[in-house]
Amino acid sequence: MSIEAQNITKKFGQFTALDNVSLEIPSGELVALLGPSGSGKTTLLRIIAGLEFADSGTVLFDGEDTTDQTARDRRVGFVFQHYALFRHMTVFENIAFGLRVRPRSMRPSKEKIRAKVDELLKLIQLKNLAGRYPSQLSGGQRQRVALARALAVEPSVLLLDEPFGSLDAKVRLELRRWLRQLHDEVHITSVFVTHDQDEALEVSDRIAVMNEGRIEQVGSPDEVYHRPITPFVYNFLGNVNLFHGRINEDEDTPAIHDAATGDLVYVRPHLLEIHRQPNGGANFRATIKHINSAGPLVKIEALTEWGAPVHVELSQEKFGELQLAKDEAVFIIPKELKVFHKKVV
Amino acid sequence: MRRVATAATGESAAVRWILIGVAVFFLGLFIFLPLAIVFSEAFAKGLGVYWASLRTPDALSAIRLTLLAAGIAVPLNLVFGVAAAWAIGKFEFAGKSLLITLIDLPFSVSPVVSGLIYVLLFGFQGLLGPWLARHDLQVIFAVPGIVLATIFVTFPFVARELIPLLQAQGQEEEEAAIALGASGWQTFFRVSLPNIKWGLLYGVILCNARAMGEFGAVSVVSGHIRGRTNTMPLHVEILYNEYQFAAAFAVASLLALLALATLVAKTVVEWRARRQLAESALWNGEAV
């Protein structure tokens, strides 16, 4: 089922959570709403679910207006950040809940419910924990039960609010790969909220980057990472160096000249090269201040000739070749710049 | 570890024994002694008299009236308490703190004053008195007045007990239930109610104990008509004033038994309720 949010505005008192937001989610896609906290992503998800109502704007499911429908009528699967499992029910009862509360005429038989729950338990690999209570499960297990519970009613849309937000790093990584796999199998239109750019880049088909109640950019992970259209998107998806400078448009790789009034120039740390000689082309001088060589990349902090800090990431191999030392004067050559002209910003 | 803590924070043996002795002495003097006297006086003239004084028409009528008043007040305050606590615990609205204050009002007003309010409202000289008289309705010095006064006095118990519980639980589980297709009633009975049942039971027990034991407010509105508007506490007073000590204490012993039963039930339920609250806190704390 496709989802279309049109011109959604939502205010909480004086605070504008969503400011005229429109978003289209094609059927079968896994879309991430990515943004910092307070950017309105959870509010948008809750409005799509019908748990919250917009001040203005409409939500269409398959082109049909659902604005006045409650969460109950919309038949969405919703996975809460803190799981929201029913604490007095076992895992089995939790998953069966959505089927058991159906009106008698639509309720499956006891055997059918049992079969469905068993099937889902197998899917989330918790078959032997059916009789446990939520308080006896780990965070990752609870999250999977929450997902199974949402899937039990065979929703046409699956909405997940920070699904891995409260899990530790390792379980998180495992679960998000599992979610991707699950989506490849089930192909249900899914929207998930996250503030973790790695999670969004790894799991989703498309990403909507949100900031201060607006959508900054919508695109595939590749697009938003490599072709960000606003400084915010560039900044939010990965580490950056920010310079203020005047750019000479005639040159292939524009030089950075520091000037407080200039354009915004962004460079990712791994797109800077360090050289001992000014190898021709655009470059600037810098002094190395700190070297951190633990991890897959060597992280170097340096100070530019005009006194701004700059972060550079080198491969271990390159670092080994250069044999850099602290307080050494070097030349830095940007391989790729992203310039946002002042008027755009 | 334990020994160290005791040595560092404990008192000397003499001080400990004196403190414990004082506590036991006061407990004995003010709780156990009166309780013992109630029962010994009740049975002073033998089991036959005890039994007979409970079976006089007036005593039976007082017992019936007390059960009736509690039987109406407790369910009403159960429904009201759950509704009010639900609204306060789960929703934000204007006038919320005013509502909380209003719910607490019966605790802060003297029962005699609350009885008097009803007399001023429904009495013959009262605001609504003439209208009631014209329609041949009697509230004051009749059963409706007693029920009303009982409801008023026991108003806060259930709500007070549930508000912190519901606040601690938040509303994510209810949202989950609704999103899964449950109706409002299904959500309430299958999700919300099981999560508050011990707190609710605790509130009901306290409410019931107060409803059956209430003296002040009921005394003002009752008019003490024997066999008609006497509740058990009022009946005890009348008998006592008439020097029928054995009979008075026999009825009083029933109230004392009720108190003891309440105490036991309260202890059990309180333990479960506290565990439920702690679980909610833990549950939410863990999740955040």
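In the text below, chain A, chain B and the rest are named by the order of the sequence lines, each starting its count at 1. Values in this document were obtained by computation on a predicted structure and should not be read as measured data.
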> In Å and rounded to the nearest 0.5 Å, what is the NE2 to CD distance from His82(A) to Glu173(B)?
Replying inline: 12.5 Å
> Glu175(B) versus chain A, heavy atoms under 4.5 Å apart: side chain, backbone, both or neither?
Replying inline: both
>> Is it the case that atom CZ in Phe26(B) sees more than 12 heavy atoms from other parts of the structure closer than 6.0 Å?
In response: no
> Considering only heavy atoms, which portion of Ala150(A) lies under 4.5 Å from any heavy atom of chain B: side chain, backbone, both, or neither?
Replying inline: backbone
> Side chain, backbone, both or neither: which part of Val153(A) has a non-hydrogen atom closer than 4.5 Å to chain B?
Replying inline: side chain
> For Lys122(A), does the NZ atom sit with more than 12 other heavy atoms under 6.0 Å from it, leaving out its own atoms?
Replying inline: no
> Are any non-hydrogen side-chain atoms of Arg87(A) and Gln169(B) less than 4.5 angstrom apart?
Replying inline: yes
> Looking at Phe78(A) and Ala179(B), what are the two nearest heavy atoms and their distance?
Replying inline: CB-CB, 4.2 Å
> So what's closer than 4.5 Å to chain A heavy atoms on Ser183(B): side chain, backbone, both or neither?
Replying inline: both
>> Testing Arg72(A), Arg149(A), Arg75(A) one by one against Leu180(B) for a side-chain contact (heavy atoms from CB on, under 4.5 Å), which residue passes?
In response: Arg149(A)
>> What's the separation between atom CZ in Phe86(A) and atom CD in Glu172(B), rounded to the nearest 0.5 Å?
In response: 11.0 Å
>> Sub-4.5 Å heavy-atom contacts with chain B: which residues of residues 100-113 of chain A show up?
In response: Arg100(A), Val101(A)
>> Does Arg160(B) have more than 12 heavy atoms from other residues, nucleotides or ligands lying within 6.0 Å of its CZ?
In response: no
> What pair of heavy atoms forms the shortest contact from Met89(A) to Val191(B), and how long is it?
Replying inline: CE-CG2, 4.5 Å
>> At under 4.5 Å between heavy atoms, what parts of residues 38-58 of chain A are in contact with chain B? List them by residue number.
In response: Arg46(A), Leu51(A)
